Amino acid sequence: MWEIQLKTRASPSSTPSSTNDKDNHTHMALSSSELTASRVVIALLAAFGAFVIIYTIATDGQPFRKDVWAVPWVKATVADFYVNTFFLVWWIYYKEQNLVSRIFWILTVLCLGSPVTCIYVLLQFLKLRPGDSVSKVLLNETTSRQVSGNFDRY
């Protein structure tokens with residue numbers, strides 16, 4: 001199983017000999033290799049998810065057949081997917097500032113699932129540069145700037 005470890009790095013203004021707490025302020029950042037590995041893993045997951053969906057449709061047909069829904073686990077899996085998707089959609093709504101962008105991403109995630117989710121997250125990671133805070137992926141632009149501004153004060 002892939003595990004990407006985020007390391008805590010000191011802010012540029014800190015020095016090893018400093019005893020001032022403000023100078024020792026740290027934040028979560030990705031190194032160049034961690035950023036590349038993250039992007040590759042996310043892209044592979046998107047490709048795998050798309051392959052599974054395409055292969056299943058090609059070999060078993062469309063999922064919107066009555067006989068498919070007779071299996072209780074299918075109902076449970078779909079319900080579980082959409083409960084998790086609710087929180088993902090909520091995050092996308094928060095993260096995207098443009099109404100058209102919000103609607104586009106929310107509808108595509110709801111309709112196409114995991115591959116589109118991976119593409120959305122990959123696009124967020126492609127905006128990062130080595131050493132950037134992980135908060136830039138999770139937070140919207142306004143909040144990310146506020147958080148970065150708080151780091152810059154120290």
Side-chain angles (χ1 to χ4, degrees), residues 1-9 11 25-154:
M1 184 168 167
W2 285 88
E3 184 175 311
I4 298 172
Q5 189 175 45
L6 301 176
K7 296 179 179 145
T8 304
R9 294 188 179 83
S11 64
H25 187 78
T26 59
H27 65 280
M28 300 301 282
L30 292 173
S31 70
S32 180
S33 61
E34 291 169 329
L35 189 54
T36 300
S38 298
R39 291 170 177 167
V40 168
V41 169
I42 294 166
L44 289 173
L45 288 171
F48 176 72
F51 169 79
V52 168
I53 291 170
I54 293 167
Y55 176 80
T56 304
I57 289 172
T59 58
D60 193 50
Q62 295 293 324
F64 305 108
R65 300 186 324 257
K66 206 172 198 176
D67 63 318
V68 171
W69 295 100
V71 180
W73 273 109
V74 170
K75 294 175 188 171
T77 301
V78 170
D80 180 61
F81 170 79
Y82 281 105
V83 166
N84 283 305
T85 301
F86 171 79
F87 291 100
L88 177 64
V89 164
W90 195 0
W91 173 61
I92 291 171
Y93 182 85
Y94 157 77
K95 183 125 173 91
E96 293 299 319
Q97 302 296 305
N98 181 300
L99 180 62
V100 173
S101 181
R102 283 178 174 167
I103 292 169
F104 170 78
W105 282 110
I106 288 170
L107 289 178
T108 54
V109 164
L110 290 174
C111 294
L112 300 174
S114 300
V116 173
T117 301
C118 290
I119 290 168
Y120 182 81
V121 173
L122 178 61
L123 291 174
Q124 303 308 306
F125 270 82
L126 289 173
K127 294 176 186 177
L128 294 179
R129 294 181 184 161
D132 276 351
S133 173
V134 179
S135 67
K136 287 185 176 182
V137 170
L138 299 173
L139 303 175
N140 64 27
E141 286 184 36
T142 304
T143 308
S144 183
R145 275 192 301 254
Q146 291 170 347
V147 170
S148 294
N150 288 337
F151 288 137
D152 293 342
R153 288 188 311 182
Y154 292 101

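Predicted model only: the values in this text are computed from it and were never measured.
Contact record, Ile119 with Ala46: CG1-CB, 4.3 Å, taken as the closest heavy-atom pair. In plain terms, the two heavy atoms of Asp60 and Arg65 that are nearest each other are O-NH1, 2.6 Å. Minimum interatomic distance between Gln97 and Asn140 (heavy atoms only, all atoms of both residues): NE2-CB, 3.2 Å. Taking every heavy atom of both residues into account, Trp105 and Glu96 meet most closely at CD1-CD, 4.3 Å. The minimum heavy-atom distance between Pro115 and Ala50, with the atom names listed, is CG-N, 3.4 Å. A pairwise comparison of heavy atoms in Phe125 and Val137 identifies CE1-CG1, 3.9 Å as the closest pair.
Distance check: Lys95 NZ to Leu88 CG gives 12.5 Å after rounding to the nearest 0.5 Å. The structure places CG of Leu122 at 12.0 Å from OG1 of Thr117, a figure rounded to the nearest 0.5 Å. Annotation: the span from Trp91 atom CH2 to Ile106 atom CD1 amounts to 11.5 Å, rounded to 0.5 Å. Remark: Cys118 SG to Leu123 CG distance equals 11.0 Å, nearest 0.5 Å. Note that CD1 of Ile92 and OG1 of Thr85 are 9.0 Å apart. Values are rounded to the nearest 0.5 Å. For the atom pair CG (Asp132) and OG (Ser31), the distance works out to 12.0 Å, reported to the nearest 0.5 Å.
Surrounding CZ of Phe81 are more than 12 heavy atoms belonging to other residues, nucleotides or ligands, all under 6.0 Å away. Within 6.0 Å of CD on Gln124 lie more than 12 heavy atoms contributed by other residues, nucleotides or ligands. The neighbour count for Tyr94 OH, taken as heavy atoms of other residues, nucleotides or ligands under 6.0 Å away, is above 12.
Looking at heavy atoms from C-beta onward, Trp69 lies in side-chain contact with Val78 at the 4.5 angstrom threshold.
In this structure, the ring pair (Phe, Tyr, Trp, His ring centres under 6.0 Å) partners of Phe86, at least two apart in sequence or on a different chain, are Trp90.
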